[in-house]
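A note on names: the letters A, B, ... follow the listed sequences, proteins ahead of strands, and every chain is numbered from 1.
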Amino acid sequence: KQEVTQIPAALSVPEGENLVLNCSFTDSAIYNLQWFRQDPGKGLTSLLLIQSSQREQTSGRLNASLDKSSGRSTLYIAASQPGDSATYLCAVTLSSGSARQLTFGSGTQLTVLP
Amino acid sequence: SQTIHQWPATLVQPVGSPLSLECTVEGTSNPNLYWYRQAAGRGLQLLFYSIGIDQISSEVPQNLSASRPQDRQFILSSKKLLLSDSGFYLCAWSPKGQGWGNQPQHFGDGTRLSIL
């Protein structure tokens, strides 16, 4: 059974710092890996999707990398801002899932201090 | 463009009462549909998914059920709610067909369910 782990569970940084969030998964037979953002009491917003054949994806100040063989992904946030404060979730899609079900990690709660 | 609607946003129900949460998707056809639950301080747990009308798969045995009476409508139900059913319920959709691997799942705004 696929298990997804995110470290750290919570992170607090001063504004302007660069930071890295970590995600690991136990089954490397994935189709893609997705990073989401969740604001308190809200749904999830997709940030980046990396297909299994890709190594990284970039969107603005965000960069996500994928090392499928080692079962790891990182989300790099450059020049953090207070508006980046949220919970960040990673999720993997198993290759075998008929409906491309996602398995989620428990998230990293990020606080960026002004 | 595609949109997903979920309601109600908040619901307070007594133990033993029935439940019906509804989710609809607009701007696409034949999507995969999903129900997730997020308990306090925990990650998202997939409850049900559907690849088509009346085609429902359950991931976790419990007193909840799901139905898909129309292509873009997904309903989560219970006949008798338990205290443990409290949580944040999220509906999501994803496309099928060529290129689906490039497309993320899209989530609704969620329903906060409190059981008293």
Under 4.5 Å between side-chain heavy atoms, hopping through other hydrophobics if needed: is there a path connecting [X] to [Y]?
X: Leu75(A); Y: Phe25(A); value: yes
X: Ile56(B); Y: Leu33(B); value: yes
X: Leu89(A); Y: Tyr34(B); value: yes
X: Leu64(B); Y: Tyr49(B); value: no
X: Leu19(A); Y: Leu62(A); value: yes

task: Against chain B, label Leu102(A) side chain, backbone, both or neither, depending on which of its atoms sit under 4.5 Å from a heavy atom there.
output: both
- prompt: Checking heavy atoms, do the side chain of Gln6(A), its backbone, both or neither come under 4.5 Å from chain B?
  reply: neither
N/O donor-acceptor pair under 3.5 Å between Gln101(A) side chain and Leu46(B) backbone: no
task: Check side chain to side chain donor-acceptor pair (under 3.5 Å) between Arg37(A) and all other residues, then give those that pass, not counting sequence neighbours.
output: Asp39(A)
- request: Output all residues satisfying side chain to side chain donor-acceptor pair (under 3.5 Å) with Gln57(A), sequence neighbours left out; order by chain, then residue number.
  value: Gln54(A)
About how many Å separate [atom2] of [Y] and [atom1] of [X], when rounded to the nearest 0.5 Å?
X: Thr93(A); Y: Gln105(B); atom1: OG1; atom2: CD; value: 6.5 Å
X: Gln38(B); Y: Ser106(A); atom1: CD; atom2: OG; value: 10.0 Å
X: Glu59(B); Y: Thr103(A); atom1: CD; atom2: OG1; value: 8.0 Å

query: If contact means a heavy atom pair closer than 4.5 Å, which residues of residues 106-116 of chain B contact chain A?
result: Phe107(B), Gly108(B), Asp109(B), Arg112(B)
field: Positions in residues 75-90 of chain B that reach chain A, provided some heavy atom is under 4.5 Å away
entry: Phe88(B), Leu90(B)
query: Should we count CD of Glu15(A) as having more than 12 external heavy atoms under 6.0 Å?
result: yes
field: Heavy atoms of other groups near Gln109(A) CD, more than 12 under 6.0 Å
entry: no
